[in-house]
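Only a predicted model underlies this, so the values are computations on that prediction, with no experimental measurement involved. To find a chain, count down the sequence lines: A is the first, B the second, and so on, and within it residues start at 1.
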2 protein chains.
Amino acid sequence: MVEKRLYHSVANQILELIDSGVFPAGSRLPGERDLATKFGVSRVAVREAEIALQAQGRLEIKVGSGAYVLDGSNKALNGLPKVGPFELTEARALFEAESAALAAPIITDEAIKELEGYIEIMSGKVEADITADEADEAFHMTIARSTNNHAIIFVIDSMWKMRTEAAQLQNVYKSVCDKDSSHREDEHAAILDALKNRDPATARSAMRAHFNRMIEALLVASEEAAYEEVKRKASESRSRFTLTQQLH
Amino acid sequence: MVEKRLYHSVANQILELIDSGVFPAGSRLPGERDLATKFGVSRVAVREAEIALQAQGRLEIKVGSGAYVLDGSNKALNGLPKVGPFELTEARALFEAESAALAAPIITDEAIKELEGYIEIMSGKVEADITADEADEAFHMTIARSTNNHAIIFVIDSMWKMRTEAAQLQNVYKSVCDKDSSHREDEHAAILDALKNRDPATARSAMRAHFNRMIEALLVASEEAAYEEVKRKASESRSRFTLTQQLH
DNA sequence: TACTTATACTGGTATGACCAATGCATAATA
DNA sequence: TATTATGCATTGGTCATACCAGTATAAGTA
């Protein structure tokens with residue numbers, strides 16, 4: 001990873017030390033002067049790094065005492081929480097369905113046209129300067145923006161920026177998304193259709209179905225995986241989610 | 001406002017200049033050296049302030065060129081988006097209702113007890129080291145945590161941290177919350193009751209009703225207000241929200 | 001033993017210096 | 001004249017050093 005600013009690099013090095021257990025939560029970091037010599041940089045760089053980490057909620061800096069490690073086990077590099085693919089998809093199913101329902105009665109014709117464009121890009125029928133995945137995100141964000149509700153827009157945008165915690169989970173997630181691309185078209189078309197009809201209830205259920213099927217695919221993929229951790233999360237997610245499905 | 005670190009103060013001064021229109025979006029800030037002498041601080045303090053603002057997405061710093069103001073008209077001091085009370089309550093109605101529905105089947109007895117405690121605190125029947133408002137927030141966050149879904153917990157927590165953009169709107173919001181305190185007890189009791197019965201559908205509708213009533217109160221209060229801006233947002237919010245209500 | 005005090009830390013801030021990237025005015029060129 | 005090359009002033013990035021103000025702990029005192 002290339003860092004433009006030196007303090008980014010220093011911050012990442014500090015995070016590595018924390019995550020590797022050298023400095024567990026609650027412990028005190030070495031002084032800025034020590035870290036500076038240890039990393040071969042000036043004290044300024046260490047200060048800026050620690051300030052950045054403090055802003056991300058990973059450190060608490062006490063004057064005259066030191067910098068203390070906060071429990072950041074549930075936080076990713078970007079400050080957003082670490083979430084597994086199951087709970088992330090579950091949350092999306094719930095929230096994006098409501099987003100679609102809210103958007104349906106008030107979505108503009110321009111937004112509809114935009115959505116049609118993204119679907120074409122995802123199908124690969126037209127040339128575009130964005131990838132299919134980027135078009136996927138744009139599709140969902142355009143619906144969110146159509147709610148005209150900034151809180152909803154922020155929330156859904158945040159969920160797109162969250163990343164899964166573990167590498168193997170992320171790989172499972174990615175492979176599912178790839179295999180999913182065929183279904184994706186139909187499901188997006190169904191969502192768009194409901195929006196065209198300005199039908200909130202259908203838009204909601206179509207969006208739910210979209211994510212529900214993604215969860216099902218995730219469950220299949222995770223059961224094929226060799227990791228117990230993945231299987232445990234799968235069963236957790238399934239027991240909750242199946243119940244919710246029955247309610248709609 | 002008391003700032004612990006100097007760069008906080010400097011960052012706020014820079015933000016004031018931006019918000020007051022001295023440096024509009026897209027414009028270039030004076031050099032770090034100029035700002036340092038202007039504010040009567042060292043260049044280090046200015047640098048740290050600009051780094052913090054960059055992390056908040058308010059500035060873009062280009063080496064050799066300068067610091068450029070990004071459009072932050074929709075962002076509050078804490079980095080979260082500025083949202084009006086209507087859209088915020090609307091988003092809460094949607095998302096927290098789903099949160100309650102998801103939590104209902106799996107909420108623990110311990111969490112139920114905790115919720116009962118918060119209700120007692122809000123009613124003023126018991127002494128506590130937290131205020132009624134803090135108990136209110138704790139009530140909702142406990143439900144969110146009961147979903148066991150970190151994405152949902154993060155989202156609902158974020159919405160509690162959002163603040164309304166304009167002072168007059170905030171006052172309207174606050175006064176409504178105060179007048180609402182009597183209803184609040186009953187509504188919270190209804191939510192708790194549904195959770196006790198592990199009934200997702202009822203929990204969802206009870207939570208919706210809770211926020212729906214708050215929106216109604218907001219609309220009444222805003223129509224009494226003298227500001228056209230408030231009235232406009234009220235009508236916007238009502239036209240959307242009434243429709244959504246019919247769907248559940 | 002209990003309390004005060006001295007001292008060696010810590011982070012916070014300031015200053016001045018130098019480097020590399022940038023951008024613009026100027027000069028050299030086609 | 002239009003275009004390109006060049007030089008220099010400005011900007012952010014980094015460093016070394018110094019000093020200040022809290023903090024914590026060991027030494028000293030009652």
Peer 1: List the atom pairs, donor and acceptor, that lie under 3.5 Å between side-chain atoms in residues 115-122 of chain B and the rest of the protein, sequence neighbours left out.
Peer 2:
{"unit_1": "B/Glu116", "atom_1": "OE2", "unit_2": "B/Lys196", "atom_2": "NZ", "d": "3.0"}
{"unit_1": "B/Tyr118", "atom_1": "OH", "unit_2": "B/Glu114", "atom_2": "OE2", "d": "3.0"}

Peer 1: Indicate the ring-plane relationship of A/His140 and A/His188, choosing parallel, tilted or perpendicular according to the 30° and 60° boundaries.
Peer 2: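 Perpendicular, since the angle between the ring planes exceeds 60°.
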Peer 1: Can any side-chain N or O of B/Arg47 pair as donor or acceptor with the backbone N or O of B/Glu32 at less than 3.5 Å?
Peer 2: no
Peer 1: Checking A/Asp129 now: which residues fulfil side chain to side chain donor-acceptor pair (under 3.5 Å) with it, not counting sequence neighbours?
Peer 2: none
Peer 1: Starting at the 5' end of nucleotides 9-18 of chain D, put B wherever the base has a protein heavy atom under 4.0 Å, S where only the sugar-phosphate does, and a dash everywhere else.
Peer 2: --BBBBB--B
Peer 1: Go through the steps to decide whether A/Glu137 and A/Asp133 satisfy the test side-chain contact (heavy atoms from CB on, under 4.5 Å), and finish with yes or no.
Peer 2: CA-CA 6 Å; A/Glu137 178 173 349; A/Asp133 283 342; over 6 Å; no
